[in-house]
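Structure first, then comments.
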Amino acid sequence: GSFGDYGGQYVPEALMPALQELEDAYERYVLENEDGFLDEFRERMRDFGGRPTPLQRADRLSERYDREVYLKREDLLHGGAHKLNNALGQVLLAKYMGKERIIAETGAGQHGTATAMAAAHLDMPCEIYMGRTDVNRQRPNVYRMRMNGAEVNPVEAGSATLKEAINETMRDWATTVERTHYVIGSVVGPHPFPQMVRDFQAVIGEEIRDQIQERAGRLPDSVVACAGGGSNTMGTFHAFVPDETVDLYAVEAGGSSLEIDEDAGLAPNSATLSTGTDGVLHGAMTKLLQGGDGQIVESHSVSAGLDYAGVGPELSHLVETGRVTPTNVDDDAALNGFHRLSRLEGIIPALESSHALGYLEEEHEELGDLVVVNVSGRGDKDLETVLEETEKRDLEAAPDVEVFDQ
Amino acid sequence: GSFGDYGGQYVPEALMPALQELEDAYERYVLENEDGFLDEFRERMRDFGGRPTPLQRADRLSERYDREVYLKREDLLHGGAHKLNNALGQVLLAKYMGKERIIAETGAGQHGTATAMAAAHLDMPCEIYMGRTDVNRQRPNVYRMRMNGAEVNPVEAGSATLKEAINETMRDWATTVERTHYVIGSVVGPHPFPQMVRDFQAVIGEEIRDQIQERAGRLPDSVVACAGGGSNTMGTFHAFVPDETVDLYAVEAGGSSLEIDEDAGLAPNSATLSTGTDGVLHGAMTKLLQGGDGQIVESHSVSAGLDYAGVGPELSHLVETGRVTPTNVDDDAALNGFHRLSRLEGIIPALESSHALGYLEEEHEELGDLVVVNVSGRGDKDLETVLEETEKRDLEAAPDVEVFDQ
Amino acid sequence: MSDATYDSDVEAAIRENHPALITYITAGDPSLEDTKAYVEALDRGGSDLIELGLPFSEPIAEGQTIQAAINRALAAGTTPDGFFELVEDLETEAPLLVMTYYNMILQYGDSEAQRASEEATGQRPRAKPDVRPFVERAAEAGLSGIIVPDLPAEESDPLREACDDNGLDLVFIIAPTTEGERLDSIMSQVSGFAYVQARLGTTGARANVSGATHDSLARLSEYDVPKAVGFGVSKGEHATEIIEAGADGVIVGSALIDIISSSETPGDAVDALEAKAAELKRGARRGADSLTVDPEERPEPEQP
Amino acid sequence: MSDATYDSDVEAAIRENHPALITYITAGDPSLEDTKAYVEALDRGGSDLIELGLPFSEPIAEGQTIQAAINRALAAGTTPDGFFELVEDLETEAPLLVMTYYNMILQYGDSEAQRASEEATGQRPRAKPDVRPFVERAAEAGLSGIIVPDLPAEESDPLREACDDNGLDLVFIIAPTTEGERLDSIMSQVSGFAYVQARLGTTGARANVSGATHDSLARLSEYDVPKAVGFGVSKGEHATEIIEAGADGVIVGSALIDIISSSETPGDAVDALEAKAAELKRGARRGADSLTVDPEERPEPEQP
């Protein structure tokens, strides 16, 4: 249940039997393909999810950076991001386990919509907890979840955002654990979640590995993925961890600054791997953004999907052992990355993925001749944010949007 | 250049040489694969577009209708709809022809965004004409086009919607025809557009034909697709036209009524194949929604993408010869189809595609044991419309969205 | 200027009044009654041919000026029947042509009465459109020709036959892009006159004469048919320049629509239209005169 | 009730005051000064053990009542150092326990001073967390035990060792889902008392006693360790019922937080807390009495 010093099961006693039950199910169904679980999972990800996703040569980025740049197109997965890999895997596993009900928390709504989709597809009742503030500012995602038949439970406590939604989902789970599966949305939380979610997401890197060898005849020099909680990161890296010649770069949200304001309990970034310290949050020992006393600080990034004070324990371990290089780019670089890919390649990336593209721009000379970047999701969801944030700044890659002036 | 009585080239003289040039290029590059055009097109549609798209067995619809129902997942194509098949084909062809500039008109913005994406991908300057009214009510699509580097030219004339955008694009083309290609967005317009756009879209039906035989071991009893201009329809049907055992259903927008209000110049539907009469519009002889004098009436559907008073001439011909059955469902049935697929299958379909699903609900008993429905696009773009329209009605398939009440 | 007689009223009007002024306005803008007064004013002002637009809802070849006129005419309830009645009412020296889109021609005669009878008998309206009812009615109303901006030569057989049978000219447009075999083929079929499109693009008043006009007229000089130039002509001096370049006539439309839409009263418009026509006709004549008096511009006289 | 002596203050407090009342409030809600007065009131009211919450920003095991108290305490600037100073200041008959989340224990001692020195030497902060500084400081401040809601037995070795070394009890929670081998294993390690979670879910005052409580106590009856029941206890009659069902003590928290947050003045809260503690203690005693007098409920006496 651990990755070096990281991982573990730091949860209330009431949940331990459920975690052990899940661990058992994970080992049987996922690791040993009992009852053909994995076959069904792969088939559904192909037919319902749209796997495999393409590995595309980015012609204009390759020219711009004078090296071969390939994009892994997770933005083409059903729902618009890699999230479905995990959501469908867990909902299907819950079905195999005989659970009757699915719950999940969501911040900006990406994990909630993926879970609601998977639950609709597999005919499982589903409730999503979401802070009232997030409900009100992410209405399209709330609509999508409702359309898929999920209940959306607004959480009114505190700042009414992700943190409170997690607490409320934990409360639900602690109450209904016997018949309910909690679909955690990233490679975080107590064992076996980090390992299981990684396994569901590992298809990303497995496909890349086959595709790049077919296209370029060899393994890449480097693989770049953004990192928030880290599920697209681990999903992209996992297949390459044994390949010592392949450099792995986890690009975090540098936000507006890397300094923590401890008095305000605020980190104006979400660069956990780059700047965090070890501790326990949401069930696992991992790197965290925390004050000296151990209070978790509020992270901040222009990308809601990276905006989390923790990170997957396996990533902490891979960073600690030097296998993964932690890096980060700031909000401006991410926004420029967003605009650059949209304009040069006709792909509007998620703001999360835009961090990986921002890093490519800044450090491409360090990345070797053959680079793969994971485009973890599409950016339609981010249009309003990007417009708002672009207006405030002077970004070299941004277009004018003067068309509405009249 | 014609399909029975339909088709032709009813355009101003100034455009005729350009159409002949296009016809020549179409024959050489598309039909004869000169310079490997088709190979490049297919490769780009695979790597950039995400082809092939899955053919998915719809488990719960199959159970509901007591027959095998398969969904063709064009909603998973890059951009969220089948539109890219055509846009990428034409922009690539324009590049092979040595054109320097792309123009297109757009109503709700779907064709405009697909064209902008394709133009960005292929590094072609691109201008999109869009009515001011549409610009203001379809902001996200305008943003997407701007992000992809396209100019968006608001058209202020008249009702400032699709019709004026078409006129304005025609004006641009008539002025700049020597160096500009006009990317028409459907199987409409003068020859060779209807045939060429069909060929670019025909990959949909070709894939279905292979996939269904692999999955079900035989050809389907019926294939159902929605029809506005008809590009997803012809793309879906083309491969099946020679298969006499396969029934082809084109589902049009029945809107709120099939009657034309001639005094108001208004058809509260877009059921051109079902109710239209022959005439010439936008370059081709085809079925039209028109008054007795020949004035084109304004169509109306809850789905902006079906809202067009004409239809592809080849579809008119296939309906006239009895090969394709024209049908329609009303706005309510389409909205219920939208909600049903979202809730039962975890796929939020475009309102266009929802018409095909509405027809499946109403007439499934007529469709045989093995049915394929084309899900031409995803419905994220339609969320606001669906909510607004759902609130006004009492729809059996709709969920509550009371979550915002506070 | 010539003693020859012509089969075609239209060709005659151009040849006999060389250099000819051809004017266009949209029927029904702002009402058919006003149109009657405007047409008569244009006739008095010196128009040698008058094109009357029958409005169609999707005027893809027009610029914004004429599109707006068409929208006003449609809003005023202008119909083909009303149009033909106006034509019957008009008494002008200048022959009249109708300019409209092909669908208007196809649908005429697919009348309410016919459809009602089909519906009564339970049939689905056949509605196979036919150009003949329109052409017959046009001839009966006294029109001399038809111009259809969205009907290229390749698609024109049915309409040309009907026109031939009814003694009407079907006027073809020659664009700057019309070249080679197509040009030969179209020029060989010219009926009435060749409508020479002065520039790429759509109709609309412009500030000057396009260089493409000169190129086109040079290209067309070998063809012995009357050539009239339109698209963008708005002033007497344009007319002068175009006639000097070798045209037999000038066609003016959008500049007249501008007068109609900007006049405070229909009476003002009537006066201004008459004056504008006169200015344009004078301009055209100046062009013809300069060809006669300016030895440099004048073709070498043949040795007698 | 017993003459035995115990290694553990905590176990002694329960055994010797049977049936025991254990009360919980969050330190620093609304200020550490107020907390001092509240704790003393609970002590006067008859608490036999008092749990003091050290607030953590992500209290995943708490219900909304205690979460809100924690948020108020954090907003008031409550720190571990302030907490320990409060504990040093308190003079209560009831032994005190600290209830907090594991990360607070891990980070204590990773002090600003230490980090500053690391930064000054240019090192990246090591920050390998260690539980010992917290446990040592807790012992020094006079605390008798620690409860950590997010630390299950499987992860508790480091903390248990540190507690053992410092003479503190580490209290384990037994949930309704704790069964079989895990239950045996945890019960064999009980230190102080077994914190019996009355129902699934989180902390929070409830209107009645869960059926799961009776089931749990029946299941635990074979284990000879003190058992105190918490989660949802809010009234004297709940206390009666729980003690009747075989518990050695009741744990009350959210009901006291409700009093604190709804009192108009700290003085009002002090009085109300003391009264509530007295009510709960009376309720618990009634439960014990009924066991003594009601022959039906009383276990069969062994034959002498």
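In what follows, chains are A, B, ... by sequence order, proteins preceding strands, each numbered from 1.
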Worksheet, complete the sentence: Interface check, chain A: of Asp59(B), Asp75(B), Ile347(B), most non-hydrogen pairs under 4.5 Å belong to Ile347(B)

Worksheet item: Knowing that exactly one of Thr169(A), Asn153(A), Ile128(A) qualifies, which makes a side chain to side chain contact (heavy atoms under 4.5 Å, CB included) with Ile103(A)?
Response: Thr169(A)

Worksheet item: Are Asn374(B) and Glu74(B) linked by a side-chain donor-acceptor pair shorter than 3.5 Å?
Response: no

Worksheet item: So which part of Arg215(B) gets closer than 4.5 Å to some heavy atom of chain A, the side chain, the backbone, both or neither?
Response: side chain

Item to complete: Would you mind checking which part of Leu77(B) comes under 4.5 Å of any heavy atom in chain A, side chain (CB onward), backbone (N, CA, C, O), both or neither?
Response: backbone

Worksheet item: Ion pair present between Arg393(A) and Asp332(A), side-chain N to carboxylate O less than 4.0 angstrom?
Response: yes

Response to the item:
Rounded to the nearest 0.5 angstrom, the CG-CE distance for Asp382(B) and Met147(A) is 9.5 Å

Worksheet, complete the sentence: Most contact-rich option vs chain B, by heavy-atom pairs under 4.5 angstrom, among Pro52(A), Ala397(A), Ala120(A), is Ala120(A)

Fill in: Region of Gln211(B) in contact with chain A, defined by heavy-atom distances below 4.5 Å
neither

Item to complete: Please work out which of the three classes, parallel, tilted or perpendicular, describes the rings of His121(B) and Phe48(B), given edges at 30° and 60°.
Response: parallel

Worksheet entry | Any side-chain donor near an acceptor of the partner, Tyr129(A) and Glu164(A), under 3.5 Å | no

Worksheet item: Between the side chains of Thr53(B) and His82(B), does any donor sit under 3.5 Å from an acceptor?
Response: no

Response to the item:
Under 4.5 Å to a heavy atom of chain A? For Leu55(B) that would be backbone

Response to the item:
Of Asp380(B), Thr390(B), Leu341(B), the largest count of non-hydrogen pairs under 4.5 angstrom with chain A goes to Asp380(B)

Worksheet item: What part of Arg51(B) is in contact with chain A, defined as an atom under 4.5 angstrom from a non-hydrogen atom: side chain, backbone, both or neither?
Response: neither

Practice prompt. Find the one option among Arg44(B), Glu345(B), Arg46(B), Met130(B) whose heavy-atom pairs under 4.5 Å with chain A are most numerous.
Written response: Glu345(B)

Practice prompt. Please determine, by modelled atom types, if Ser353(B) and Ser376(B) share a side-chain donor-acceptor pair under 3.5 angstrom.
Written response: yes

Worksheet item: Can you say whether Arg57(A) sits under 4.5 Å from chain B via the side chain, the backbone, both, or neither, judging by heavy atoms?
Response: neither

Discussion item. For Asn336(A), give me all partners under side chain to side chain donor-acceptor pair (under 3.5 Å), at least two apart in sequence or on another chain.
Written reply: none

Fill in: Side chain / backbone / both / neither for Leu76(B) at chain A, heavy atoms under 4.5 Å
both

Worksheet item: Does any heavy atom of chain A fall under 4.5 Å from the side chain of Arg144(B), the backbone, both, or neither of them?
Response: both

Worksheet item: Can you tell which of Leu344(A), Asp123(A), Leu71(A) has the highest number of heavy-atom pairs within less than 4.5 Å of chain B?
Response: Asp123(A)

Worksheet item: When only pairs under 4.5 Å are counted, which of Glu384(B), Met117(B), His339(B), His78(B) shares the most heavy-atom pairs with chain A?
Response: His78(B)

Discussion item. Taking Glu389(B) first and then Lys392(B), would you say they form a salt bridge - that is, a charged N and a carboxylate O separated by under 4.0 Å?
Written reply: yes

Item to complete: Among Gly149(B), Pro54(B), Ala58(B), single out the residue with the greatest number of heavy-atom pairs under 4.5 Å to chain A.
Response: Pro54(B)

